[in-house]
Visitor: 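Sharing a structure with you now.
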Amino acid sequence: MNYWLMKSEPSVFGIDDLASTPRKTTAWDGVRNFQVRNMLRDQMHKGDLAFFYHSGCVEPGIAGIMKVSCAGHPDSTAFEPENPHFDPRSTPAKPLWYAVDMTLVKRFKQRVTLTEMRRHAALKDMLILRRGNRLSITPVTAKHWHYILKLAVAI
DNA sequence: GCCAACGTTGGC
DNA sequence: GCCAACGTTGGC
């Protein structure tokens, strides 16, 4: 059982969008970074939990929890010429890019903001807090996961 | 809108 | 294989 943090810009797709999606489930597709591709393809397993992180907005932070409802599968948006994520290097026979399906577990009543996370020494090693980190998905340790859950309740 | 960080591309 | 140029991310 692994824990993850997954970024999305709420102006594109936020946690409220996921909540209003049928079965509260979406394909987490369009990732075009090889490091993240490897996590999607090889390391994210059904049942893993992930924080839904809002980036590129007024108050960046963790908005809630999702779970992996389907492990890595070829990202079909790469096959669609009309899709902005189209990549001719990827074919159904030899897929280059992968996606997972994510299902909403819960929305936090109050979000754990980036500012709040920075205030806690216990979280200082989190990849998301590291300067210049741009990976849209990062692994989260069990220790950090549970610490943030407590923050989410306490705030 | 600015800028740091960093991945990708392509010429050599 | 090197490295400059370029594009993207994302906090501020």
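Lettering of chains follows the sequences in order, A, B, ..., and the numbering in each one begins at 1. These numbers were taken from a predicted model, which means no experiment stands behind them. All heavy atoms count here, side chains included; hydrogens, waters and symmetry mates do not.
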Visitor: For A:A27, check side chain to side chain contact (heavy atoms under 4.5 Å, CB included) against everything at least two apart and list the hits.
Guide: A:D29, A:D101
Visitor: How would you list, by chain and number, every residue that makes a side chain to side chain donor-acceptor pair (under 3.5 Å) with A:T141, sequence neighbours excluded?
Guide: A:H144
Visitor: Going 5' to 3' through nucleotides 3-12 of chain C, assign each nucleotide B (protein heavy atom under 4.0 Å from a base atom), S (under 4.0 Å only from sugar-phosphate atoms) or - (no protein heavy atom that close).
Guide: ----BBBSSS
Visitor: Which residues pass the ring pair (Phe, Tyr, Trp, His ring centres under 6.0 Å) test with A:H45, not counting sequence neighbours?
Guide: none
Visitor: Under the rule for ring pair (Phe, Tyr, Trp, His ring centres under 6.0 Å), what residues qualify as partners of A:F51, not counting sequence neighbours?
Guide: A:W145
Visitor: Test of understanding: with ring pair (Phe, Tyr, Trp, His ring centres under 6.0 Å), list the residues that count as partners of A:F34, not counting sequence neighbours.
Guide: A:W97
Visitor: Can you list the residues that meet the side chain to side chain contact (heavy atoms under 4.5 Å, CB included) rule with A:N83, with sequence neighbours excluded?
Guide: A:T77, A:E80, A:H85
Visitor: With a 4.0 Å heavy-atom cut-off, tell me which residues in residues 80-99 of chain A come close to DNA chain B, sorted by residue number.
Guide: A:R89
Visitor: Report the residues that fulfil ring pair (Phe, Tyr, Trp, His ring centres under 6.0 Å) with A:H146, sequence neighbours left out, ordered by chain and then residue number.
Guide: A:Y3
